[in-house]
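We count ligands from 1, going down the list as the structure has it; atoms in each ligand are counted the same way. Hydrogens, waters and symmetry mates play no part in the numbers below; they use all other heavy atoms, side chains included.
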Amino acid sequence: DKGNHRHFMEKEIYEQPEIISHALGYYVDFATQTIKANGSTIDFATVSSLAISACGTAFLSGLVGKYWFERYARLPVEIDVASEFRYREMPLLPTQAALFISQSGETADTLASLRYCKENGLKIGAVVNVKESTIAREADTIYPILAGPEIGVASTKAFTCQLAVLAALSIKAGRQRGTIDAAQERELVHHLIEMPRVMSRVLNLIQPQIEALSRDLSKYKDVLYLGRGTSYPLALEGALKLKEISYIHAEGYAAGELKHGPIALIDENMPVIVIAPYDRFYEKTVSNMQEVAARGGKIIFITDEKGAAASKLPTMATIVLPDVDEVIAPMIFSLPIQLLAYHTAVFMGTDVDQPRNLAKSVTVE
Ligand code: F6R
């Protein structure tokens, strides 16, 4: 049931605040502002490193997770798309743990990667939406994302729920490894608890502007997304979402890679969408944005209030989100990229919930 939404995708975008709040209930003890253990059999304190494998959007949530596990838990993370991971014959040690992220829990390559790690004696965690799935069954520990059924082929709420779960796990890992203290945990958890409220506010705030902007975006053939830090995987996700449902050719790049190739493409026919909250990467990303502007590129700037105030560069549009803590920024900044892809696809008249050539669950290689 789509309720009063035109598409399942739209419904799933708008139910994120409520769903994430529910998912957080499983991972967070609201009274003490700590992360619950929930019977996890992975003891991050004794793990030597973490391997993560997944496909598509699930891979990109894992890429954000890598930044968190390395930063908050000082735990090295090796991550690869499952179709490569399964065949790389990478040397693994039983002291490592592995996480497999999958909405459906049935993706063939992800399952094969899981089995490879299991044969090598690693502890296996499954970050899944479908708890009865094969990936869930074969794991030692299940970390449910609790997103509820996701009908739209383009993943939205599963992505932000994966992010919320990975954020919680990285904080837990940080506590177990002693790299963050109890006060830091309370502070980070406090931000997670606030997140659903911020998401609701953002969805209402940006909707009219994004819808208008999408009408313009639908006239272009190519789009480039740029970001640094955790905004880099978001740039990849923004590009993936846009190409999947609007069929506009889109690419995501780490902002620092601009001058190593893609800058050759910059002209007035290819909008560049820059994701840059006012974090420790902001200045660097803005200098890349400057390079785009200097070559006549059109910029769509997705930033926060401080970021908007600190840049004087002319843009095609600036989408201003509230200032939020770094730990929740990836979930908050997911909202404009989802809405931008959604409304652009609606203007293009594509089959938003059932894009051509795509399947919701990919059970063959
Ligand atoms: C993108 C999308 C796909 C899936 C990928 C993995 O919007 O939906 O890229 O993320 O096929 O699927 P799961 O998570 O079921 O393993």
Discussion item. Can you confirm, on distance only, whether ligand 1 has an N/O atom lying under 3.5 Å from any N/O atom belonging to Ser155?
Written reply: yes
Item to complete: Could you tell me which atoms of ligand 1, counted from 1 in the order shown, lie closer than 4.0 angstrom to a heavy atom of Ala154?
Response: 7 (O)
Response to the item:
Nearest non-hydrogen protein atom to atom 14 (O) of ligand 1, with distance, is Gln103 N, 2.6 Å
Item to complete: Within a distance under 4.0 Å of any heavy atom of Gly56, pick out the atoms of ligand 1 and give their elements.
Response: 9 (O)
Worksheet, complete the sentence: For atom 5 (C) of ligand 1, the closest protein heavy atom turns out to be Cys55 O, 3.6 Å
Practice prompt. Salt-bridge test for Arg86 and Asp109: reply yes if a basic N is under 4.0 Å from a carboxylate O, no otherwise.
Written response: yes
Fill in: Between Gln16 and Glu12, a side-chain donor and acceptor under 3.5 Å
no
Worksheet item: What is the closest protein heavy atom to atom 15 (O) of ligand 1, and at what distance does it sit?
Response: Ser104 OG, 2.7 Å
Discussion item. Among Val198, Val64, Leu192, exactly one meets side-chain contact (heavy atoms from CB on, under 4.5 Å) together with Met331. Which residue is that?
Written reply: Leu192
Worksheet item: Just which atoms of ligand 1 are under 4.0 Å from any heavy atom in Lys241?
Response: 1 (C), 7 (O)
Worksheet item: So, Asp267 and Arg295, do they make that salt bridge, N to O below 4.0 Å?
Response: no
Discussion item. Quick one: does any side-chain atom of Thr303 pair with a main-chain N or O of Ala276 as donor and acceptor, under 3.5 Å?
Written reply: yes
Item to complete: Applying salt bridge (charged side-chain N to carboxylate O under 4.0 Å, His left out), run through Glu237 and Lys241 and close with a yes or a no.
Response: CA-CA 6 Å; Glu237 170 64 4; Lys241 213 93 298 174; 2.8 Å; yes
Worksheet item: What residue and heavy atom of the protein are closest to atom 11 (O) of ligand 1, and at what distance?
Response: Val362 CG2, 4.2 Å
Worksheet item: Among all protein non-hydrogen atoms, which one is nearest to atom 8 (O) of ligand 1, and what is the separation to 0.1 Å?
Response: Val153 O, 3.1 Å
Discussion item. Does Arg6 have more than 12 heavy atoms from other residues, nucleotides or ligands lying within 6.0 Å of its CZ?
Written reply: yes
Worksheet item: Counting only N and O atoms by type, is there a donor-acceptor contact under 3.5 Å from the side chain of Lys243 to the main-chain atoms of Ala250?
Response: yes
Discussion item. Using a 4.0 Å cutoff against the non-hydrogen atoms of Ala58, which atoms of ligand 1 qualify?
Written reply: 10 (O), 14 (O)
Discussion item. Give me the nearest non-hydrogen protein atom to atom 10 (O) of ligand 1 as residue plus atom name, then the distance to 0.1 Å.
Written reply: Thr57 N, 3.2 Å
Worksheet entry | Distance from atom 2 (C) of ligand 1 to nearest protein heavy atom, with residue and atom | Glu244 OE2, 3.6 Å
Item to complete: Report yes if some heavy atom in the side chain of Tyr282 is under 4.5 Å from a heavy atom in the side chain of Arg228; otherwise report no.
Response: no
Worksheet item: Looking at atom 12 (O) of ligand 1, what's its closest protein heavy atom, distance included?
Response: Thr107 OG1, 3.6 Å
